[in-house]
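Comments concern the structure below.
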Amino acid sequence: MTSDTLKPDVATTTVDAPAQLTLAGTRRGPSASRLLWGAAGIALALLVWELLSLLKDDHVLLPTVPETARTFVDYLSKRYPAVGGKTLWQHALVSLGRIGLGWSAGVVIGIAVGGLMASVPVVRHLVDPLIEITRPLPPLAFIPLMIIWFGIGETPKFVLILIGVVPIMIVATVAALDAVPEELVQAGRSLGGSATHVLLTVRLRSALPSIITGMRLAMGGAWTSIVAVELIAATSGLGYMINNAGVNLQTPLVLSGIVMISIVGIALDTLLRLFHRSIDPTRR
Amino acid sequence: MTISDTVTGSQGAVSITGVQKAFAGRSRKAPGRQALDGFDLEVRAGEFLCLLGPSGCGKSTLLNLLAGFSEPDGGEVLVDGTPVTGPGPERGVLFQTPMLFPWLNTLDNVLYGPRARGEKGAAPRKRATDLLQTVGLADAAASYPHELSGGMRHRAAFARVLVNQPRLLLMDEPFGALDAITRAAMQRFLLELWERDRMTVVFVTHDVEEAVLLGDRICVMSGSPGRTRAVFDVDLPRPRDLEMTDTLEFVHLKRQVRESLEASL
Ligand SMILES: Nc1ncnc2c1ncn2[C@@H]1O[C@H](COP(=O)(O)OP(=O)(O)OP(=O)(O)O)[C@@H](O)[C@H]1O
Ligand SMILES: [Mg+2]
């Protein structure tokens, strides 16, 4: 912590200004007019979809909006597959469980490794290239390997989500810790905090908002890989349901699954955003 | 009261002898930089010393050594006769920017030190609220740093350091980033505080007038490596105020210091 680097004077007092994930122009809560425009955008997209499906007039190619909505509502209580299957909710819960487990573990691992990298240069030089190499690889590319190594149970699915989450978390954590001004840490030390106490209550605390932004990105990444994950011999989960319904040309159900993923994803992101807001007084 | 009782004027003496500090070059070819080469400085307990010097002459390097943020390559840095081995609450540091913790409100910022050191009971809280009163932030105790003005943030940073009852106050161009009016207010505030508590102060500045107004002594440095070029005793009466800057003695001393500083460039 007390390296003898003399940093150039940092002119900012508010340490953290993480990039917004949403495209919204302001950082305050949603205003009425913004909500209205957003709703209009969605309505417009649905309208285009409806027009296209009426033009094409082909269930399999593109079902109409009401048909998709009906399917969605039906399958909230109806099982898929009909025998021994699960409802849309239950599939969502299965996927949620997989993602929850993989994401939490990935967040913990990512913060730990990122913390080490930010404090020990050797570790950083060691891990940096590994991340650069693995980051651009799509989860699908790992599926055969996962099956060879871990079989077809829950383990390969868990590992596949980890592969998506950990690099994002490492990169976010390192960047967040690097951005903490040296003087802030020095201030904590000269106020009497021990090195460990300052590491936790100043360095990590100051980086926390940006780390949460990383957690949101990683959550998004985990959901994008769920379909790939559940290609591995799954018998439940939204990814499995989408795959299976697709093979059987049940397009409305495919679309329902996609909508469900989006709903759950938005709900989780909202929770993380609330968390972010609760720990960052500059955003209240 | 609390502060004046505990901070006695007999502590906080600084003794720096033959201090060496070099910074390694970026590559093997680029030579290292000798920031300080055999630097000596004595500061009496309760003295207000101003360090003045051209940019890059090693003022911040020196202050960082005193604060315990870095270690000298050679020589001795003593505070009250004991070598400095690391940062500590008895040596309060004020940076150019206030460096408040943005996630804590003003009161919690002030209480960071006592809490970090595990001080128990109601005493630290009493001290903190008294100090906030002193620095005029009693109403802003629950406000967060981003809700304070620049001057208020500086005063909060003062309170956060003073709550630890430091014997030595280290300031690195603390008012450099402030506008002229706020800076004058902060200078007056610092003078009042020092009149009351008389802790030892090492104050780094670029501003000749500020140095003459505040200091008991002014150490003009030349770089680089940093050396003491001249030391001026400021024999102006205390308590001082801004009106004094128009007096003949003040102007005369200011010119002497400025000439010495310009010669060191
Ligand atoms: N971390 C560092 N790495 C390399 N060189 C450094 C480092 N810190 C300071 N130096 C060098 O040491 C010398 C003294 O720097 P220092 O910051 O103490 O100057 P200063 O007197 O505080 O200047 P200023 O008035 O501009 O703040 C300079 O030549 C600078 O380039
Ligand atoms: Mg400096």
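Proteins come first, then strands; the chains are lettered A, B, ... in the order of their sequence lines, and each starts at number 1.
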Which atom pairs, donor and acceptor, lie under 3.5 Å between side-chain atoms of residues 103-118 of chain A and protein residues at least two apart or in another chain?
from: A/W103; atom 1: NE1; to: A/M215; atom 2: O; distance (Å): 3.2
from: A/S104; atom 1: OG; to: A/G100; atom 2: O; distance (Å): 2.4

Nearest 0.5 angstrom please: [X] [atom1] to [Y] [atom2], how far?
X: B/F95; Y: A/Q186; atom1: CZ; atom2: CD; answer: 5.0 Å
X: B/L66; Y: A/S190; atom1: CG; atom2: OG; answer: 12.5 Å
X: B/L104; Y: A/R205; atom1: CG; atom2: CZ; answer: 7.5 Å
X: A/D280; Y: B/H146; atom1: CG; atom2: NE2; answer: 8.5 Å

(request) Flag yes if more than 12 heavy atoms outside B/E76 fall under 6.0 Å of its CD atom; otherwise flag no. (result)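 Open.
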
(request) Step through the shown structure and confirm whether more than 12 heavy atoms of other residues, nucleotides or ligands are within 6.0 Å of CD1 on B/I181. (result)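 Not buried by this count: 12 neighbours or fewer within 6.0 Å.
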
(request) Of all the heavy-atom pairs spanning B/P89 and A/G192, show the shortest one and how long it is. (result)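 Residues B/P89 and A/G192, closest heavy atoms: CD-CA, 3.8 Å.
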
(request) Considering non-hydrogen atoms only, spot the tightest contact between A/L191 and B/F101 and give its length. (result)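 Looks like CD1-CE1, 4.2 Å.
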
(request) Not counting sequence neighbours, which residues clear ring pair (Phe, Tyr, Trp, His ring centres under 6.0 Å) with B/F158? List them please. (result)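 Checked B/F158 against ring pair (Phe, Tyr, Trp, His ring centres under 6.0 Å); matches are B/F189.
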
(message) My understanding is that only residues two or more places apart in sequence, or in another chain, count here; which of them pass ring pair (Phe, Tyr, Trp, His ring centres under 6.0 Å) with B/F39?
(response)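 Residues passing ring pair (Phe, Tyr, Trp, His ring centres under 6.0 Å) with B/F39: none at all.
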
(message) For A/S194, which atoms come within 4.5 Å of any heavy atom of chain B: side chain, backbone, both, or neither?
(response)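 Contact with chain B: none, neither part.
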
(request) Can you check whether anything in residues 109-117 of chain B gets within less than 4.5 Å of chain A, heavy-atom wise, and list it by number? (result)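 At a heavy-atom separation under 4.5 Å, chain A is reached by B/Y112, B/G113, B/A116, B/R117.
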
